[in-house]
Q: 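Okay, handing you the structure first.
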Amino acid sequence: MALDLSLLNPAQRDAVMHVDGPLLVIAGPGSGKTRVITWRVAWMIEQGVSPWSILAVTFTNKAAQEMRERIARVAPSDGARICTFHSFGAMFLRAEHERLGLARDFSIYDESDQLGLIKKACSELGIDKDTLAPREIRHAIGEAKNGGITPHHYLSNARSWREEKIAAAYAKYQDLLLGNNACDFDDLLLRPVAALRDNSELRERYANRYRYILVDEYQDTNAVQYELTRLLGGTHRNVCVTGDPDQSIYSWRGADITNILNFEKDFSDTRVVVLGHNYRSTKNIVSAADALVRNNVSRKSKDLFTDNEAGHNIRVVMTQNETHEGIRVAAIVKDLIEHEGIDYNDVAVFYRTNAQSRALEQGLREAGIPYVIVGSVEFYKRKEIVDVLAWLRLLINPTDEQAFGRAIANPGCGVGEASAAKIVAAARARGINLIDAVRDPDVLALLRGKPAAGARAFGEIVGKLAAMPKTPATGIVSQVISLTGYESWIMRDDPARGLERVENVQELVSDAAIFDETNRGATLADYVERVSLINDIDKYDPGKRAVSLMTLHSAKGLEFPAVFIAGVEDGSIPHMRSITGDSGNLEEERRLLYVGITRAKRFLHLTLARHREQFGQSTRNSPSRFLRELPQELLAQEDHTGGLFGVGLGGVKPAAVESLPFDDDVEPASDDDGAAAPDPWEGADTGPGLRLLRKEPLPAEPPRPEIVPGGMVNADLNVGDRVRHQMFGVGKILSFTPHAGGTRARILFTGWGEKNMALEYARLERIEPAR
DNA sequence: GCGGTGTACGAAATA
DNA sequence: CGTACACCGC
Ligand SMILES: Nc1ncnc2c1ncn2[C@@H]1O[C@H](COP(=O)(O)OP(=O)(O)OP(=O)(O)O)[C@@H](O)[C@H]1O
């Protein structure tokens, strides 16, 4: 148990043994930062610091989990809080919910919940979603929240009609969140920060509780996380932050690299430790990474070196398309396993976007290579899972209208959007929650026919579920599935993929079971909270021998003996949006590749596909510009395209490829560009020829038909008339559209937004225009 | 009003 | 290609 500090180098030891006062550890990749953090915590505990007073914040749940385990192995660390910023926020809000006017079991809204709420806000405010896209509003709100700007603030700074609308939507959105007893991800940080800032008693209490604070990946903290760190640690100043400006890859999420650059100013007398000795990778890999990142101009130069052997060259594998890329990767994996003593576990494949995993998976699968997707296209985001979770969320927080809407629609029970809205409105009006509302005879009396029967059935089920014990979580989860008949509904609703989706639902039950197992005494609320904060699922079989697939972003902090980076092409790495758009940040793309490269211990492969299917059509790609920045003598190029990529990268002719195990492939003859010739199509489409073909601006749209065709009962309605609707109240007619068997009217209702309805079904009542 | 169906549009990364 | 949503029939 005792720590053997001789296993650390002098710089690492300095950092580990620094207990009181601010500490900044700038750690190059593979320099033992993780080791330093875990040992430092262990050291503090050994020095008599109570684990209870330690707060270690990591960036991902995976990192938190790993750190918890590693610390537990070297010190009795029970009681230390090791978590992400967001779970700290959630914990804080739960503990302080009362003083913050929040229900204890508030819901945590993810992006799609947010979008739903924003749409609702727009609709209630009469904001047309074609003029102002809900996504844009969400983006604006996110940005505002990251900068700590309140709706009120936003409005007073609004410079345009557009910004005023966004301000209104922001305010409404915030209201709706409140009404639903919900927080979005940003609120999980913002609300604690506001509370700690405004309440010194609270701040002192928390600062006293957490007398030692560690923040990992500090280069990727945003303004709010920075504020939180200062609020908690500003007084006692026992704050240790670790990070590497060269590995900052989250600026798109508001991460601000100046947080780490200014740490020394924020905390005077900071002890600074720089770790530059890489213990992870071969010389060739370290040199390549170092050469690459030196191309970043806005960067403080920093040394990265290693005593490890030179190792193998970096293989640059050029393939024809993404399928071919998958096949080649699989072939090399097989070769590594057969000839290099590498195990499946030792191999990782990284890519820029989740969508790229498909072809790689296929290649591995067809070669019989086991793999796992780490942080996959999030399990908890699949429709069938979201549906079941909506039921769970509703049971925990019966004021959650988003959850209610989803639960009542899935499985479909004959209650549509409008009837659901009616129940919601009735609940609001009566000040009761949604579960009570849907079981209230007076509320049910507002509906008739199919919706009424459906709502009654729904109410019975949800009532039964609400009465059940909420511990353990698994019981309720399976009850939801069986009582709602969810699985048979899926099979009926989507026969093609029904089976797969049923399996996913089953997997959710196992996930809950694992949760119950590892968190004895935890409730359904705990499970729902965890699910809201984590988007990856506990796999059954963590020790499974398998190749890991993940995005470059989720690779941060990990290491593997053999690494593949797929799609090293312009447009992918760097991503298209960073090349074209002005918001793009090429340096961050370079850092992303840097992070990927430095995950490799011994074998590194960069693969390229000449063609890639995107949106159903083929694109042609050039090698990543970053390849030219790597020392060419460290690269071993392998062309499996028959010269489709043209001349070698960086102007160096491809070296005669060493005899490779895969040369017996039949390569289709190159049917297009020859080796040195420029692509015949490239550059041409920007020529003047095409510009002449540009379409003339479209003629202005013909005026909409103003008058109702067809002799309906309501035929005397006109655009602009005010009408009353049974459910939506008073509204104004915007337009009519003829359709088979009658007429539809687009009507703007106050408080409900725009609705499109068939006149023969909507029992509209005309109100005399007030003249 | 509900639910089925056709189509227009769209995906960078994560808590 | 896959999905979200607008549209239309009942
Ligand atoms: N003093 C040391 N002597 C030998 N090996 C070490 C030493 N310190 C760390 N290592 C090894 O170096 C590797 C990288 O360490 P670690 O994962 O802590 O790096 P890191 O700085 O967290 O990397 P990154 O910032 O890239 O995530 C690990 O395999 C670790 O065991």
Side-chain angles (χ1 to χ4, degrees), chain A residues 57-64 83-90 108-112 115 119 129-130 133-135 142 183-189 217 220 222 224-225 249-255 350-356 358 375 377-378 380-381 383 409 412-422 447-452 454 493 497 530 532-536 550-556 567 571-578 581 583-585 588-589 592 595 613-618 725-728 737-742 744 746 754-758 760-763:
Chain A
V57 183
T58 61
F59 203 67
T60 64
N61 294 292
K62 208 185 332 155
C83 60
T84 64
F85 272 112
H86 289 86
S87 34
F88 176 81
I108 298 172
Y109 276 9
D110 69 7
E111 279 173 331
S112 78
L115 214 53
K119 283 177 184 165
K129 66 177 169 353
D130 294 326
R135 287 170 172 280
C183 286
D184 62 24
F185 276 115
D186 295 324
D187 287 344
L188 291 180
L189 304 177
E217 309 285 11
D220 277 327
N222 67 22
V224 184
Q225 292 163 336
I249 54 176
Y250 284 97
S251 72
W252 51 273
R253 220 177 98 164
F350 307 147
Y351 35 82
R352 182 64 223 270
T353 66
N354 283 306
Q356 282 170 271
R358 234 189 155 89
V377 188
E378 300 138 60
Y380 293 119
K381 283 204 178 142
K383 284 172 298 307
C413 62
V415 181
E417 210 188 328
S419 303
K422 205 167 187 175
L447 309 170
R448 55 185 82 58
K450 199 161 59 157
D493 194 52
R497 278 182 304 166
R530 195 204 63 148
S532 306
L533 289 171
I534 301 182
N535 47 17
D536 201 10
M550 67 193 85
T551 63
L552 282 161
H553 281 87
S554 31
K556 186 159 79 161
S572 184
I573 310 170
H575 192 269
M576 191 63 92
R577 304 255 270 249
S578 70
S583 60
N585 187 344
E588 181 154 313
E589 295 291 307
L592 190 56
V595 167
E613 291 287 319
Q614 253 165 356
F615 300 125
Q617 56 185 340
S618 182
H725 182 268
Q726 228 210 338
M727 188 175 298
F728 301 119
T737 6
H739 80 103
R744 276 171 188 281
R746 185 161 280 280
E754 273 181 44
K755 303 276 167 193
N756 198 1
M757 42 185 58
E760 61 270 32
Y761 293 102
R763 283 149 293 181

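First the proteins, then the strands, lettered A, B, ... as listed; each starts at 1.
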Q: What integer number of Å spans the P atoms of C/dA6 and B/dA11?
A: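 Roughly 14 Å separates the two P atoms.
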Q: How would you label the contact of A/Phe59 with the nucleic acid (heavy atoms, under 4.0 Å): base, sugar-phosphate, or nothing?
A: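 A/Phe59: backbone/sugar contact only, no base atoms under 4.0 Å.
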Q: What is the nucleic acid contact for A/Glu111, judged by heavy atoms within less than 4.0 Å: base, sugar-phosphate only, or nothing?
A: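 Base contact.
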Q: Does A/Lys119 have a side-chain nitrogen or oxygen under 4.0 Å from the phosphate oxygens OP1 or OP2 of C/dC5?
A: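 For A/Lys119, the contact criterion (side-chain N or O under 4.0 Å from OP1 or OP2 of C/dC5) is met.
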Q: May A/His575 be described as stacking on the base of B/dA12, applying a 5.5 Å centroid limit and a 30° limit on plane angle?
A: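 Given the distance and angle limits, yes, they stack.
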Q: Rounded to whole angstrom units, what separation is found between the NZ atom of A/Lys383 and the C1' atom of C/dG2?
A: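 Taking atom C1' of C/dG2 as the reference, NZ of A/Lys383 is at 9 Å.
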Q: Contact class for A/Thr60 vs. all strands (heavy atom < 4.0 Å): base, sugar-phosphate, or nothing?
A: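 Here A/Thr60 touches the backbone only, sparing every base.
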Q: Could you tell me how far B/dA13 sits from C/dA4 if I compare only their P atoms? Round to whole Å.
A: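 Nearest-Å result for C/dA4 against B/dA13 at atom P: 15 Å.
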Q: Indicate whether OP1 or OP2 belonging to B/dC2 is found under 4.0 Å from a side-chain N or O atom of A/Arg448.
A: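 No.
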Q: Can any side-chain N or O of A/Lys556 pair as donor or acceptor with the backbone N or O of A/Ile249 at less than 3.5 Å?
A: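 Absent.
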Q: In chain order, what residues pass the side-chain hydrogen bond (donor to acceptor under 3.5 Å, both in side chains) check against A/Thr84, with sequence neighbours excluded?
A: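 For A/Thr84 the side-chain hydrogen bond (donor to acceptor under 3.5 Å, both in side chains) partners, ignoring immediate neighbours, are A/Ser87.
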Q: Using ring-ring contact (aromatic ring centres under 6.0 Å, His included) as the criterion, list what pairs up with A/His86, not counting sequence neighbours.
A: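 Partners of A/His86 by the ring-ring contact (aromatic ring centres under 6.0 Å, His included) criterion, ordered by chain and then number, come out as A/Phe185.
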Q: Find every protein N or O atom lying less than 3.5 Å from an N or O atom of nucleotides 3-7 of chain B, and list the pairs.
A:
{"residue": "B/dG3", "atom": "OP1", "partner": "A/Gly414", "partner atom": "N", "Å": "3.3"}

Q: Taking the side chain of A/Phe615 as its heavy atoms from C-beta onward, which of B/dG10, C/dT3, B/dT14 lies nearest to it?
A: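 It is B/dG10.
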Q: Would you give the length of the straight line joining atom CG of A/Asp220 to atom NE2 of A/His553, rounded to the nearest 0.5 angstrom?
A: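 A/Asp220 atom CG to A/His553 atom NE2 measures 8.5 Å (nearest 0.5 Å).
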Q: Can you tell me if A/Asn61 touches the phosphate of B/dT14, counting only side-chain N or O atoms and a distance under 4.0 Å to OP1 or OP2?
A: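 So the side-chain polar atoms of A/Asn61 never come under 4.0 Å of the phosphate oxygens OP1 or OP2 of B/dT14.
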Q: Using the aromatic ring of A/Tyr250 (for Trp, its six-membered ring), decide whether it stacks on the base of B/dA13 within the limits of 5.5 Å and 30°.
A: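 According to the criterion (under 5.5 Å, under 30°), no, A/Tyr250 does not stack.
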Q: For the pair A/Ser578 (side chain) and A/Glu589 (backbone), establish whether a donor and an acceptor sit closer than 3.5 Å, ignoring hydrogens and angles.
A: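 Between the backbone of A/Glu589 and the side chain of A/Ser578 there is no qualifying donor-acceptor contact (under 3.5 Å).
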Q: Looking at every non-hydrogen atom in both residues, tell me the closest pair between A/Arg352 and A/Ser572 and how far apart they are.
A: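 Heavy atoms of A/Arg352 and A/Ser572 come nearest at CG-O, 3.1 Å.
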Q: Would one find a side-chain N or O of A/Thr551 under 4.0 angstrom from OP1 or OP2 of B/dT14?
A: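 It does, given that an N or O in the side chain of A/Thr551 lies less than 4.0 Å from OP1 or OP2 of B/dT14.
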Q: Side chain of A/Arg358: nearest nucleotide among C/dG2, B/dA15, B/dT14?
A: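 Within the option list, the nearest is C/dG2.
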Q: Using atom CZ of A/Arg135 as one end and atom C1' of B/dA12 as the other, report the distance to the nearest whole Å.
A: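 Whole-Å distance recorded here is 13 Å.
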Q: How would you label the contact of A/Gln225 with the nucleic acid (heavy atoms, under 4.0 Å): base, sugar-phosphate, or nothing?
A: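 Touches nothing.
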Q: Keeping A/Glu588 on the side-chain end and A/Ser251 on the backbone end, is there a donor-acceptor pair under 3.5 Å?
A: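 Yes.
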Q: B/dA12, OP1 or OP2 - any side-chain N/O from A/Arg352 closer than 4.0 Å?
A: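 False: A/Arg352 side-chain N/O out of range (4.0 Å or more) of B/dA12 OP1/OP2.
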Q: What nucleic acid atoms does A/Ser554 come within less than 4.0 Å of, heavy atoms only: base, sugar-phosphate, or nothing?
A: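 Since only primed, P, OP1 and OP2 atoms lie under 4.0 Å of A/Ser554, the category is sugar-phosphate.
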Q: Would you mind telling me which of B/dA12, B/dG1, B/dA15 lies closest to the side-chain atoms of A/Arg253?
A: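 So the nucleotide nearest the side chain must be B/dA15.
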